[in-house]
Amino acid sequence: MEHVDVIVVGAGLSGIGGACHLKLECPGKSFVILEGRETMGGTWDLFRYPGVRSDSDMYTLGYRFRPWREARAMADGPAILRYIRDTAAEYDVHTTIRYNHRVRRASWSSDHARWTVEAETGPEKTVVQLTCNFLYLCTGYYDYESGYTPEWSGLERFRGTIVHPQKWPEDLDYAGKRIVVIGSGATAITLVPAMAQHAAHVTMLQRSPSYVVSRPAEDKLANFFRRVLPDRAAYMLTRWKNVLSGTFFYSLARKRPGVFKWMVARGVRRQLGNEYDPKHFTPHYNPWDQRLCMVPDADLFKAIREGRVSVVTDEIETFTEDGLLLKSGERLDADIIITATGLVLRLFTRMQLVVDGVPVDLPKTLVYKGIMFSDVPNLAFAIGYTNASWTLKCDLAAEYVCRLLNHMDHYGYSICTPRVNDSDIEEEPVIDFNSGYVQRALHTLPRQGSKTPWRLHQNYVKDLSMMRYGRVEDGTMEFKSAPPIARHAEA
Ligand SMILES: Cc1cc2nc3c(=O)[nH]c(=O)nc-3n(C[C@H](O)[C@H](O)[C@H](O)COP(=O)(O)OP(=O)(O)OC[C@H]3O[C@@H](n4cnc5c(N)ncnc54)[C@H](O)[C@@H]3O)c2cc1C
């Protein structure tokens, strides 16, 4: 059976980043990337809806080790995909990807100090097995098979076209059509102004509003730094500027929600004027109880001002032949209805983890430093921040994995396992968002503890000091040398 030091699962933004870190920081380690799809890029290849883009800036969504060089800070999907592909080629990790290898099971043997990973490949779903010393899961956070669609009455009666943004039909012609987009999250907010450029009219139908904030698509200061400084220095400076301003605004929102709400409301008023009903942009929850929505150069507000888009805050009573009947009695006629109703949050989609013959029950585990599970040896995962760019955390996770591997090599250890050895640790939900997609999945997710290293900081500066500079032997991570069978096998 083929054996490598590390198996990375997933060739999205995190998997490619993780592989580059391995190349840079653990040059002696062998690794492969197993990717279930036939291409790399994950999210940025899967989502094809009009206008698909990031809503964080690319100076923090990009990798620490490779500057983002394009002028737009909030980039479109194809540009992000290009960045991932170019990074993989530049660091020569693209050759390590095994496409069409969907991992279904990974089982750890303490006797052999290794994981056996089973992946289905090819049209026949032939199972191949590989072994590795360390498993790094970069599989994202949602189900790729399908997005979330609530159960609505009368759905089958609608004579037009219904589309979920996760499965966008390549040939969908919406020019001159009446469109209703159901939803108020990042996807709806992105889709609505993009479709309004060609549609007859777009209605955004939301059950409850989101906080929507406009930001410049281009960061003038970043572009100035790029003109006067070397590439890397300019990138680092902008990255830190954005990390610190993001942290400041997040903590303002949590500590002084009233001030933050006032600032957001003022921004909306400036864009739409005093006549516009503010209820459509006044959520009932506090800022950052759910993710904020960012719009580049106020594109959504501009489309509303120009009359190409309208927002309706109401609930669906039933689908009809011609569109929707709302609870208020209002009717919305449509040729196309887009259900931007979210993702199905799922960790390690359809993959079973087993430790010494016992399946890992994720909700019974605690997350260690936000990247490993209690009592699960030699396994890390890459899950980004909920309140800042994904890659900030995933870069730190990969860096920590490399530190851990180098530490184990240095001291002759083969097994590392986070152990809860402090009886004062209390368990808490791993995410404190009240969004529907989080609440629906919470019972399937691991938990976090009340204290470091079991507590998620959701704060880059704190994580940086813990993961880059904190002690690897912190009294919580248990290290062991290779057991006799494993030593015998290696010899
Ligand atoms: C439309 C959209 C916009 C977003 N915008 C932002 C943003 O602006 N800022 C931000 O911070 N975050 C954003 N996110 C979150 C986003 O998912 C991350 O930024 C990031 O792209 C995730 O990268 P990833 O590599 O961790 O996961 P993914 O992109 O999901 O990639 C995971 C990869 O793993 C593969 N995989 C999964 N399971 C298996 C398996 N069992 N075997 C083999 N391969 C497997 C998948 O095929 C995929 O290629 C956005 C998400 C979406 C859906």
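None of the values given here were measured: they were computed from a predicted structure. Counting convention: from 1, in listed order, for ligands and their atoms alike.
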Closer than 4.0 angstrom: is that true for some heavy atom of G384 and an atom of ligand 1? no
Nearest candidate to atom 24 (P) of ligand 1, where distance is taken over non-hydrogen atoms, out of A397, G12, G342, S14: S14
Part of I16 with heavy atoms under 4.0 Å of ligand 1, whether side chain, backbone, both or neither: neither
Which residue supplies the protein heavy atom nearest to atom 10 (C) of ligand 1, what is that atom called, and how far is it? S56 OG, 3.3 Å
Under 4.0 Å from a heavy atom of G42: which atoms of ligand 1 are those, numbered in the order shown and with their elements? 29 (O), 31 (O), 48 (C), 49 (O)
Is the closest side-chain heavy-atom distance between R37 and Y144 below 4.5 Å? yes
With a heavy-atom distance limit of 4.0 Å, tell me whether C138 approaches ligand 1 through its side chain, its backbone, both, or neither. backbone
Considering non-hydrogen atoms only, spot the tightest contact between A340 and T187 and give its length. CB-CG2, 4.3 Å
What are the atoms of ligand 1, with element, lying closer than 4.0 Å to any heavy atom of G10? 33 (C), 34 (O), 35 (C)
Starting from the C-alpha separation in whole Å, work towards a yes-or-no answer on side chain to side chain donor-acceptor pair (under 3.5 Å) for T339 and H164. CA-CA 5 Å; T339 54; H164 193 288; 4.6 Å; no
Walk me through whether D219 and R72 qualify under salt bridge (Lys or Arg N to Asp or Glu O under 4.0 Å). CA-CA 7 Å; D219 181 335; R72 276 181 82 87; over 6 Å; no
Show which atoms of ligand 1 fall inside a sub-4.0 Å distance from at least one heavy-atom site of S389. 11 (O)
Using distance alone, determine whether V103 and ligand 1 share an N or O pair under 3.5 Å. yes
Within ligand 1, which atoms have a heavy atom of Y141 less than 4.0 Å away? 15 (C), 17 (O), 51 (C)
Is there side-chain contact between D5 and F134, with at least one heavy-atom pair below 4.5 Å? no
Residues Y368, W454; criterion ring pair (Phe, Tyr, Trp, His ring centres under 6.0 Å); working and verdict: CA-CA 5 Å; Y368 170 82; W454 301 103; 5.5 Å; yes
Could D395 and R239 be called an ion pair, given the rule that one side-chain N must be under 4.0 Å from one carboxylate O? yes
Check for me whether L34 has a heavy atom closer than 4.0 Å to any atom of ligand 1. yes
Identity and distance of the protein heavy atom lying nearest atom 8 (O) of ligand 1: D55 N, 2.6 Å
Proximity of L46 to ligand 1 by residue part, where a heavy atom lies under 4.0 Å: neither
Looking only at non-hydrogen atoms, which of W44, Y144, Y142 approaches atom 28 (P) of ligand 1 most closely? Y144
Salt bridge (charged side-chain N to carboxylate O under 4.0 Å, His left out) partners of D297, counting only residues at least two apart: none
Pick one of side chain, backbone, both or neither for how R291 approaches ligand 1, counting any non-hydrogen atom pair under 4.0 Å. side chain
Answer yes or no: is there an ion pair linking D231 with R69, defined by an N-O contact shorter than 4.0 Å? yes
Identify the closest protein heavy atom to atom 27 (O) of ligand 1: which residue and atom is it, and at what distance? G140 CA, 3.3 Å
Looking only at heavy atoms, is any part of F348 under 4.0 Å from ligand 1, and if so is it the side chain, the backbone, or both, or is it neither? neither
Between ligand 1 and E35, is the shortest N or O to N or O distance under 3.5 Å? yes
Give a yes or no on whether a salt bridge exists between R85 and E90, defined as a side-chain N under 4.0 angstrom from a carboxylate O. no
Considering only heavy atoms, does W390 approach ligand 1 within less than 4.0 Å through its side chain, its backbone, both, or neither? both
Using the rule side chain to side chain contact (heavy atoms under 4.5 Å, CB included), only one of R455, Q448, R447 pairs with L366; which is it? R447
The single option from T60, T391, D463 that satisfies side chain to side chain donor-acceptor pair (under 3.5 Å) with Y385 is D463
For ligand 1, indicate whether the residue H101 contacts it via side chain, backbone, both or neither (heavy-atom separation under 4.0 Å). backbone
Consider salt bridge (Lys or Arg N to Asp or Glu O under 4.0 Å). Of R104, R98, R102, which one does E120 pass it with? R104
Return a yes/no value for G36: is any of its N or O atoms, backbone included, closer than 3.5 angstrom to an N or O of ligand 1? yes
Considering distance alone, does some N or O of Y49 sit under 3.5 Å from an N or O of ligand 1? no
Donor-acceptor list for residues 243-250 side chains, cut-off 3.5 Å, not counting sequence neighbours:
{"unit_1": "S245", "atom_1": "OG", "unit_2": "K241", "atom_2": "O", "d": "3.1"}
{"unit_1": "S245", "atom_1": "OG", "unit_2": "N242", "atom_2": "O", "d": "3.4"}
{"unit_1": "T247", "atom_1": "OG1", "unit_2": "V243", "atom_2": "O", "d": "2.6"}

For ligand 1, which atoms sit closer than 4.0 Å to a heavy atom of T43? 2 (C), 17 (O), 21 (O), 28 (P), 29 (O), 30 (O), 51 (C), 52 (C), 53 (C)
Polar contact flag for S54 and ligand 1 (N/O pairs, less than 3.5 Å): no
Is the positively charged end of R440 above the ring of Y148, judged by distance under 6.0 angstrom from the centroid and angle within 45° of the axis? yes
Relative to atom 40 (C) of ligand 1, which among R350, R102, Q166 owns the nearest non-hydrogen atom? R102
Output the list of atoms in ligand 1 that are nearer than 4.0 Å to some heavy atom of T139, sorted by atom number. 32 (C), 34 (O), 37 (C), 38 (N), 39 (C)
If we set the cut-off at 4.0 Å for heavy atoms, which region of M351 has an atom near ligand 1: side chain, backbone, both, or neither? side chain
Hey, does H457 have a side-chain heavy atom less than 4.5 Å from the side chain of Y460? no
Answer yes or no: does an N/O atom from V9 fall short of 3.5 Å to an N/O atom of ligand 1? no
Show me which atoms of ligand 1 lie under 4.0 Å from any heavy atom of R37. 47 (O)
Test N133 against K29 for side chain to side chain donor-acceptor pair (under 3.5 Å), laying out the working first. CA-CA 10 Å; N133 302 329; K29 294 270 175 236; over 6 Å; no
